[in-house]
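Structure first, commentary second.
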Amino acid sequence: MDKVVASAAEAVADIPSGSTLAVGGFGLCGVPSVLIDALLETGVDELEAVSNNCGVDEWGLGRLLMSRRLRRMISSYVGENKEFARQYLHGELEVELTPQGTLAERMRAGGSGIPAFFTATGGGTQVAEGGLPWKYDAAGNVIVASPPKETREFAVNGESRDYVLESAIVADFGLVRAWKGDRHGNLVYRESARNFNPLAAMCGRLTIAEVEHLVEPGEIPPEDVHTPGVYVQRVVALTTEQAADKKIEKRTTRPRPAAAEGAS
């Protein structure tokens with residue numbers, strides 16, 4: 001039951017080239033950066049990553065991207081990563097852009113044993129009809145496009161509309177970051193860092209969690225657990241320095257207000 005491993009390097013050592021990874025995080029929040037860095041050091045390539053976005057240049061999944069370790073991305077947002085956009089548009093990376101809520105549900109379904117589901121999102125668009133560019137060649141021609149999807153009309157609350165059949169996502173490995181975790185793999189995420197992490201943990205066949213605070217079994221009240229340990233196979237306890245290494249994507253400041261007249 002003790003799922004703690006000695007290091008991030010040990011935790012990712014058996015991830016082979018060509019694997020599919022479900023990776024938690026949203027922007028730069030809740031990203032399993034220590035596991036990503038350890039994976040980068042192994043030299044694996046031809047990876048497919050399922051994540052809301054691809055981090056930014058030189059951080060998070062962006063580090064794997066910059067090193068040309070990613071073959072394909074399933075995500076909902078190109079974001080602030082210029083290299084992500086460049087590789088996609090120049091035919092160096094295949095990208096399956098997916099509506100954000102649909103992506104979240106595809107991951108949740110994969111972890112719940114649901115092979116597919118119908119959703120109204122994308123009905124009447126290229127999401128359903130096919131033809132979305134997944135990969136370009138160097139000249140900018142589309143060489144891989146999304147296939148058409150099955151649609152079906154359902155009546156909900158007396159209103160009929162088309163719904164699109166979306167397939168679940170099951171990844172070879174899940175990489176997540178938690179604020180607190182115990183030796184049995186029960187995880188708690190802090191505030192908005194919860195984002196896609198529970199979903200990535202669910203849909204990975206083998207899930208690895210890096211945790212900022214490792215506690216003993218029983219120290220997390222059952223009602224506070226966000227991801228039950230049944231979904232987690234390995235736990236890596238971060239050092240104080242690793243836990244504190246968090247990036248800010250955009251910092252906006254304003255001048256300090258002038259002191260009130262007459263104030264001492």
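Owing to the predicted nature of the structure, the values given are computational and were not obtained by experimental measurement.
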Quick check: does any side chain N or O of [X] sit under 3.5 Å from a backbone N or O of [Y], one acting as donor and the other as acceptor?
X    : Y    : result
N197 : G30  : yes
E210 : V176 : no
T207 : A201 : yes
D57  : N81  : no
S146 : L132 : yes
D137 : G91  : no
K135 : V95  : no
S112 : I114 : no
S67  : R69  : no
S7   : E10  : yes

Calculate, to the nearest 0.5 Å, the distance between atoms [atom1] and [atom2] belonging to [X] and [Y] respectively.
X    : Y    : atom1 : atom2 : result
T119 : L165 : OG1   : CG    : 10.5 Å
T240 : H213 : OG1   : NE2   : 8.5 Å
L28  : W59  : CG    : CH2   : 5.5 Å
L70  : E83  : CG    : CD    : 10.5 Å
C54  : R63  : SG    : CZ    : 12.5 Å
W134 : Y88  : CH2   : OH    : 10.5 Å

request  = Anything under 30° is parallel, anything over 60° is perpendicular, the rest tilted; go ahead and classify Y189 against H226.
outcome  =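 Correct class here is parallel.
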Please give me the minimum heavy-atom distance between [X] and [Y], naming the atom from each residue.
X    : Y    : result
P16  : S19  : O-OG, 2.7 Å
E48  : R71  : OE1-NH2, 3.4 Å
L61  : S51  : CD1-CB, 3.6 Å
P133 : Y136 : CG-OH, 3.2 Å
V31  : G60  : CG1-CA, 4.0 Å
T102 : F117 : O-CZ, 4.0 Å

Between [X] and [Y], is any pair of side-chain heavy atoms under 4.5 Å apart?
X    : Y    : value
N52  : V23  : no
H184 : P217 : yes
D182 : E219 : no
L238 : V211 : no

request  = Tell me, please, which residues at least two apart from D2 pass salt bridge (charged side-chain N to carboxylate O under 4.0 Å, His left out).
outcome  =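 Testing D2 for salt bridge (charged side-chain N to carboxylate O under 4.0 Å, His left out), a comparison that skips the adjacent residues, returns R183.
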request  = Could you point out which residue of V232, V12, V235 forms a side chain to side chain contact (heavy atoms under 4.5 Å, CB included) with I208?
outcome  =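 That would be V12.
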key: Name of the residue among L39, D172, L65 meeting side chain to side chain contact (heavy atoms under 4.5 Å, CB included) with L47   =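 For L47, the side chain to side chain contact (heavy atoms under 4.5 Å, CB included) check succeeds only for L39.
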query = Is it the case that more than 12 heavy atoms not belonging to K82 sit under 6.0 Å from its NZ atom?
reply =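 Check fails, neighbour count at 12 or below.
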ask   = Is it the case that more than 12 heavy atoms not belonging to R190 sit under 6.0 Å from its CZ atom?
value =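 Atom CZ in R190 is not packed in, count stays at 12 or less.
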request  = Hey, could you give me each pair passing salt bridge (charged side-chain N to carboxylate O under 4.0 Å, His left out) that has a residue in residues 103-127? Not counting sequence neighbours.
outcome  =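 Residue pairs with at least one partner in residues 103-127: E96-R106, E105-R108.
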task = Kindly state each residue pair satisfying salt bridge (charged side-chain N to carboxylate O under 4.0 Å, His left out) with at least one member in residues 228-243, sequence neighbours excluded.
result =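 Qualifying pairs, neighbours excluded: D14-R234.
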Using a strict threshold of under 4.0 Å (side-chain N to carboxylate O), is an ion pair present between [Y] and [X]?
X    : Y    : answer
R68  : E92  : yes
E159 : R161 : no
K180 : E212 : no
R152 : D162 : no

key: Worked verdict on K247 versus D245 for side chain to side chain contact (heavy atoms under 4.5 Å, CB included)   = CA-CA 7 Å; K247 309 298 182 184; D245 185 19; 3.3 Å; yes
key: Residues that, via side-chain heavy atoms closer than 4.5 angstrom, fall in one hydrophobic cluster with F196   =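 Via sub-4.5 Å side-chain contacts, F196 links to F26, V50, I74, L103, M107, I169, L199.
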ask   = Residues sharing I220's hydrophobic cluster, by side-chain heavy-atom contacts under 4.5 Å among ILVMFWY, directly or via others?
value =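 I220 clusters with W179, V188, V215, V225.
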Mind checking whether [X] and [Y] sit in one hydrophobic cluster, side chains of I, L, V, M, F, W, Y counted as touching below 4.5 Å?
X    : Y    : value
V170 : L175 : no
V144 : L89  : no
V44  : L40  : yes
V4   : L35  : no
Y77  : M66  : no

ask   = How would you list, by chain and number, every residue that makes a side-chain contact (heavy atoms from CB on, under 4.5 Å) with Y231, sequence neighbours excluded?
value =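 Checked Y231 against side-chain contact (heavy atoms from CB on, under 4.5 Å); matches are M202, T227, P228.
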ask   = Could you go step by step and tell me if L64 and D45 meet the side chain to side chain contact (heavy atoms under 4.5 Å, CB included) rule?
value = CA-CA 9 Å; L64 291 174; D45 59 8; over 6 Å; no
task = Step by step, work out the side chain to side chain contact (heavy atoms under 4.5 Å, CB included) result for S160 and F154.
result = CA-CA 5 Å; S160 293; F154 290 94; over 6 Å; no
task = Give the C-alpha distance, both sets of side-chain angles, the deciding distance and a yes or no for side chain to side chain donor-acceptor pair (under 3.5 Å) between S75 and N53.
result = CA-CA 5 Å; S75 58; N53 60 292; over 6 Å; no
